[in-house]
Amino acid sequence: MVTSRIDTDILILGSGGAGLFAALHAHQAAPELSITVAVKGLLGKCGCTRMVQGGYNVALAKGDSIERHFMDTIEGGKWLPDQDLAWQLVTLAVERIRELENELGCFFDRNPDGSVHQKAFAGQTFDRTVHKGDLTGIEIINRLAEQVWARNIARLEEHRAVELIRTKEGNALSGVLFVDIRTGEYVFVRAKAVLLATGGGPTMYKYHTPSGDKSCDGLAMAWRAGLGLRDMEMVQFHPTGLLAGAHTRMTGTVLEEGLRGAGGYLLDGARERFMTRYDPKAERATRDVVSRAMLSEIRKGKTTPHGGLYISMAHLGPERVAKEFKGMVKRCADCGFDLAGGLVEVVPTAHYMMGGVEFAADCRTQLPGLFVAGEDSGGVHGANRLGGNGVANSTVFGAVAGDSMAAWVRREGALREPDGAAIESAVASCETPFKNRPAKSNLESLREKLFETMWEKVGIIRDGAGLEQARRELGSLDDELERFALDGTNRAFNLSWHDWMNLKNLVAVSRVVTAAAIARQDSRGAHFRSDFPETGPLEESAYTSIRFDDVAMKPVKFTRVRPGQTLLRDAT
Ligand SMILES: Cc1cc2nc3c(=O)[nH]c(=O)nc-3n(C[C@H](O)[C@H](O)[C@H](O)COP(=O)(O)OP(=O)(O)OC[C@H]3O[C@@H](n4cnc5c(N)ncnc54)[C@H](O)[C@@H]3O)c2cc1C
C-alpha cells in the first residue's frame with residue numbers, strides 16, 4: 001500500500017516557528033545534509049506561529065534581566081517548569097530575537113529613540129513583549145519561510161504524518177509514514193533524525209483558538225510510540241476569545257493579551273467590572289486566574305446575549321486603541337463589534353497545551369533519532385504559559401533542535417530499516433473507515449460530543465466525578481470512530497477521511513489529558529479541581545508523566561531556585 005519511499009538525512013514535521021527555525025539552523029550547521037520539511041498544509045501558510053498576535057517575550061530593556069524573565073516564567077508556571085529548560089528559554093530568546101531582526105529581516109515596532117518597543121503582557125513584572133503591531137506572527141513566519149525557500153531544503157507540502165515507525169529491533173526511530181493529502185497515497189520517509197514540531201493545539205474544546213490544521217497529531221503519534229508525555233492536564237485557556245455566535249468560525253478566536261495588558265476591563269452582562277474581586281492584579285492577572293473568574297461569572301448567569309462577558313477598551317481612548325490594536329479592531333468590526341469605542345463579547349477559549357513530549361535540553365527524546373520542539377514538547381512552561389513565551393519557546397527550541405540534529409546525524413546518524421509490520425499496521429489503522437459498513441452517525445455529531453465532553457468535564461473547572469464520566473464518554477467516542485464508515489473511492493483531498501483521522505487523534509490526546517487530570521489531585525495554574533482546590537506545598541511539587549496508560553507523579557527538580565527564593569538581587 002505504500003506507493004513511494006523517500007530517504008532524507010533530517011526530516012522535520014511541521015513548518016511553524018519550531019520547524020522552520022530547525023530547518024534553517026540544521027542547514028547552516030551542516031549544509032551537506034539533505035533536509036526535508038513535511039507539513040500538513042502549505043509551508044508558511046499554516047500552524048499557529050503565523051497567528052501570533054501579541055508578540056515575543058525577551059529581556060532586552062534596561063531594568064529587565066534574564067533572571068527576571070526566568071522568575072516570571074517559574075512563578076507563572078507555579079513552580080512546575082523544568083528549570084533548566086526555562087533558563088534555556090529566557091537566555092536563548094535574546095539570541096533568537098537578534099537573529100530574527102538582524103539576519104532574517106523581521107521589522108519589529110520601535111520606540112522614538114530607535115530601541116525595540118516592548119509592551120506589557122499580563123502576568124509579567126516587566127514590559128518585555130516584542131511585537132509588530134498585533135500581527136507579529138505573520139512577520140516572523142514570512143521572513144522564516146522566505147529564507148527556507150531560498151535554500152536547498154526539500155518540501156513535502158500537504159503531507160500528513162500519520163505514524164512514527166520504529167526500526168525492526170524497536171530501539172530507534174526509522175522514519176515516518178505519511179498520507180499525501182493531494183492523492184491519498186501512503187508515503188514512507190526514512191530519516192536519520194526526525195523533528196516532531198506539529199504544534200500541539202487543544203482543538204478538542206468547544207471554544208478554541210489554534211489553526212484548523214492542528215489536531216494534536218504529533219502528541220498522538222508520540223503517545224502511540226510509547227514516549228513519555230508530561231503536564232498533559234495543563235491546558236491553557238485564553239480569557240478573551242471572541243464570541244460572535246455559533247454561525248461563525250470567528251467565535252473562539254483570540255483577542256490578544258495586550259488588550260488586558262494595556263488596561264482593558266472585563267465586564268459582566270450588567271456592564272460591571274468583576275476581576276478586582278478575584279485578584280489584586282485584576283485583568284492583568286495570569287490567564288488561568290482570569291479564565292476561572294470569567295467562568296465563575298458566566299455560571300452566575302449575568303451574561304451577554306451570546307452567553308459570555310464583555311471586554312471594554314473605550315476608557316483608554318478610542319483613537320489610541322484603534323492605533324495600537326489595528327488588527328483586533330478590524331477583526332471585531334468584521335463581527336459587528338466596536339472594540340475601540342464600545343463593548344465586545346468574549347469567552348475563555350482553549351489556547352495552548354503546556355504539556356507535551358518529555359525532552360532533554362538539546363531536544364532529544366527517549367527514542368533515539370526523534371527530537372521534539374515547540375508546542376509538541378512539555379516541561380518549559382509548567383502549569384501556565386506566560387503570554388509571549390509561546391513563540392519564544394518554538395523559535396528557541398526549534399533552533400536548538402536544528403543544531404543538535406545536524407550534530408547528531410554527523411556523529412552517529414544512519415538510515416535504519418523500518419519495521420515492515422509496523423508500517424502495515426499503521427496503514428491498516430488509517431484504512432479502518434473504508435472497511436466499515438455505513439452507519440447512521442456523522443462526524444459532525446461526534447465532534448460536537450467531543451467538544452461538549454471536554455468543555456464541560458475536562459475544562460477550566462474540573463472534578464473527579466466529571467473526569468471519570470469524561471473518561472467513559474471518550475472511550476465510547478473512540479469506539480464509535482472505530483466503527484465509522486467512509487467512502488474510500490476517491491482518496492484525493494478526501495477531507496472527511498482527514499477529519500476522521502483528526503478526531504481519532506483528538507480523542508486519543510483528550511484521553512491522555514483526562515488521565516493526567518484525574519491523577520493530579522490538587523489545583524495549580526491551568527488545572528483547577530473543585531474537589532481539590534488547594535495547591536499543596538510547593539516544595540513537594542510533582543509533575544504528571546504518562547506513558548501509554550501509566551500515569552506517574554515525578555518530583556520537580558529545583559535546579560536553580562527553590563520555592564520562596566528568587567534569583568533577583570534587588571528583591572526585598
Ligand atoms: C491565535 C493565536 C495567537 C497566539 N499569540 C501568541 C503570542 O502573541 N505570543 C506567543 O508567544 N504565543 C502566541 N500563540 C502561541 C504560539 O502561536 C505557539 O505557541 C507557537 O507558535 C507554536 O509553534 P510551533 O512551531 O510549535 O507550532 P505551529 O506554529 O502551530 O506549527 C505546527 C505545524 O505543524 C503542522 N502539522 C500539524 N499536524 C501535522 C501532521 N500530522 N503532519 C505534518 N505537519 C503537521 C502544521 O500544519 C504547522 O505547519 C498564539 C497562538 C494562537 C493560536
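Just so you know, ligand 1 is whichever comes first in the structure, and atom 1 is the first atom listed for that ligand. The structure presented is a predicted model; accordingly, all values stated were derived computationally and were not measured. Counting begins at 1 with the first residue of the sequence.
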- Message: Which of the numbered atoms in ligand 1 are under 4.0 angstrom from any heavy atom belonging to G390?
- Response: 10 (C), 11 (O), 12 (N), 19 (O)
- Query: Under 3.5 Å, N or O to N or O, is A392 touching ligand 1 that way?
  - Reply: no
- Cation-pi check, R491 to F434: give yes when NZ or CZ is under 6.0 Å from the six-membered ring centre and within 45° of the ring axis, no otherwise. yes
- Query: Is G387 near ligand 1, meaning one of its heavy atoms is under 4.0 Å from it?
  - Reply: no
- In ligand 1, which numbered atoms sit nearer than 4.0 Å to a non-hydrogen atom of G54? 8 (O)
- Message: Distance alone, cut at 3.5 Å: any donor-acceptor contact between the side chains of R155 and T36?
- Response: no
- Item | Ring center gap for F451 and H208 short of 6.0 angstrom | yes
- Query: Hey, does H159 sit under 4.0 Å from ligand 1 if you only count heavy atoms?
  - Reply: yes
- Message: When you compare ligand 1 with V52, is there at least one nitrogen or oxygen pair between them that comes in under 3.5 angstrom?
- Response: no
- Item | N-O pairing of R128 and D64 below 4.0 Å | yes
- Message: Can you confirm, on distance only, whether ligand 1 has an N/O atom lying under 3.5 Å from any N/O atom belonging to K214?
- Response: yes
- Query: Is the side chain of R260 donor-acceptor paired with the backbone N or O of E283 at a distance under 3.5 Å, no angle test?
  - Reply: yes
- Check whether any heavy atom of R385 sits under 4.0 Å from an atom of ligand 1. yes
- Task: Answer yes or no: does an N/O atom from R160 fall short of 3.5 Å to an N/O atom of ligand 1?
- Result: no
- Task: Could you list which atoms of ligand 1 come closer than 4.0 Å to a heavy atom of E375?
- Result: 18 (C), 19 (O), 22 (C), 26 (O)
- Query: Relative to atom 50 (C) of ligand 1, which among M51, E163, H351, K45 owns the nearest non-hydrogen atom?
  - Reply: H351
- Query: Are K132 and D109 ion-paired here, with the side-chain N under 4.0 Å from a carboxylate O?
  - Reply: no
- Message: With a 6.0 Å cut-off on the ring centroids, do F237 and Y205 count as close?
- Response: yes
- Item | Interfacing atoms of ligand 1 (cut-off 4.0 Å, heavy-atom, N389) | 11 (O)
- Could you list the residues that satisfy ring-ring contact (aromatic ring centres under 6.0 Å, His included) with H117, not counting sequence neighbours? H131
- Item | Worked check of salt bridge (charged side-chain N to carboxylate O under 4.0 Å, His left out) between R385 and E375 | CA-CA 11 Å; R385 171 183 70 93; E375 203 176 323; over 6 Å; no
- Message: At less than 4.0 angstrom from any non-hydrogen atom of G55, what atoms of ligand 1 do you find?
- Response: 7 (C), 8 (O), 9 (N), 10 (C), 11 (O)
- Tell me, which protein residue and heavy-atom name are nearest atom 42 (N) of ligand 1, and how many Å apart are they? A161 N, 3.0 Å
Identify all side-chain donor-acceptor contacts of residues 157-164 below 3.5 Å with residues at least two apart in sequence or on another chain.
| from | atom 1 | to | atom 2 | distance (Å) |
| --- | --- | --- | --- | --- |
| E157 | OE2 | L43 | N | 2.7 |
| H159 | ND1 | E157 | O | 2.8 |
| R160 | NH1 | H498 | O | 3.4 |
| R160 | NH1 | H498 | ND1 | 3.4 |
| R160 | NH1 | N502 | OD1 | 2.9 |
| R160 | NH2 | D217 | OD1 | 3.4 |
| R160 | NH2 | N502 | OD1 | 2.9 |
| E163 | OE1 | R224 | NE | 2.9 |
| E163 | OE1 | R224 | NH2 | 3.3 |
| E163 | OE2 | R224 | NE | 3.1 |

- Query: atom 27 (O) of ligand 1: which protein heavy atom is closest, and how many Å away?
  - Reply: G199 CA, 3.3 Å
- Task: Determine, considering heavy atoms only, which of T49, V176, L135, N502 sits nearest to atom 22 (C) of ligand 1.
- Result: T49
- Please could you name the atoms of ligand 1 that G374 approaches to less than 4.0 Å, counting only its heavy atoms? 26 (O)
- Got I35 and D9 here, is their nearest side-chain heavy-atom distance under 4.5 Å? no
- Task: Heavy atoms only: give me the nearest G44-S15 pair and the separation to one decimal.
- Result: N-OG, 3.8 Å
- Note on the structure: The closest protein heavy-atom partner of atom 28 (P) of ligand 1 is C48 N, 3.4 Å
- Applying a 4.0 Å heavy-atom criterion (strictly less than), which segment of S394 is in contact with ligand 1: side chain, backbone, both, or neither? side chain
- Task: Inspect the contact between R143 and E146 and indicate whether a charged nitrogen and a carboxylate oxygen are less than 4.0 angstrom apart.
- Result: yes
- Task: Classify the contact between S211 and ligand 1 as side chain, backbone, both or neither, using a heavy-atom distance cut-off of under 4.0 Å.
- Result: neither
- Task: Ignoring angles and geometry beyond distance, decide whether M221 reaches within less than 3.5 Å of ligand 1 through its nitrogen or oxygen atoms.
- Result: no
- Task: Distance to 0.1 Å, residue and atom name: give those for the protein heavy atom nearest to atom 19 (O) of ligand 1.
- Result: Y352 CE1, 2.9 Å
- D217 contact mode with ligand 1 (heavy-atom cut-off under 4.0 Å): side chain
- Query: Is it true that Q53 lies under 4.0 Å from ligand 1, counting heavy atoms only?
  - Reply: yes
- Looking at D213, which atoms of ligand 1 are within less than 4.0 Å of one of its heavy atoms? 46 (C), 47 (O), 48 (C)
- Message: Checking a contact table here: which protein heavy atom is nearest atom 36 (N) of ligand 1, and how many Å away?
- Response: T198 CB, 3.8 Å
- Specify side chain, backbone, both or neither for D376, according to which of its non-hydrogen atoms lie closer than 4.0 Å to ligand 1. neither
- Face-on cation placement of R230 at Y543 ring, 6.0 Å and 45° thresholds: yes
- Item | Per-residue contact class, V254 against ligand 1 - non-hydrogen pairs under 4.0 Å | side chain
- Return the residue, atom name and 0.1 Å-rounded distance of the protein heavy atom closest to atom 45 (C) of ligand 1. K40 CB, 3.6 Å
- Hey, are the side chains of M204 and W455 touching, using non-hydrogen atoms and a 4.5 Å cut-off? no
- Under 3.5 Å, N or O to N or O, is V391 touching ligand 1 that way? yes
- Item | Salt-bridge present (K119, E324; N to O < 4.0 Å) | no
- Message: Residue-level breakdown please: for F178 versus ligand 1, do any non-hydrogen atoms fall below 4.0 Å on the side chain, on the backbone, on both, or on neither?
- Response: neither
- Looking only at protein heavy atoms, what sits closest to atom 48 (C) of ligand 1 is G47 CA, 3.6 Å
- Query: So, for C430 and M501, which heavy atoms are closest and what is the spacing to 0.1 Å?
  - Reply: SG-SD, 4.1 Å
- Note on the structure: For G388, the ligand 1 atoms with a heavy-atom partner under 4.0 Å come out as 9 (N), 10 (C), 11 (O)
- Can you find a pair of side-chain heavy atoms, one from F188 and one from V176, that are under 4.5 Å apart? no
- Item | Top protein contact for atom 35 (C) of ligand 1, by heavy-atom distance | G14 CA, 3.7 Å
- Would you mind checking if K330 and D334 are paired as a salt bridge, meaning a charged N to carboxylate O distance below 4.0 Å? yes
- Item | Polar side-chain atom of T136 near backbone of Q53 as donor-acceptor pair, under 3.5 Å | yes
- Backbone or side-chain N or O of V39 under 3.5 Å from ligand 1 N or O: no
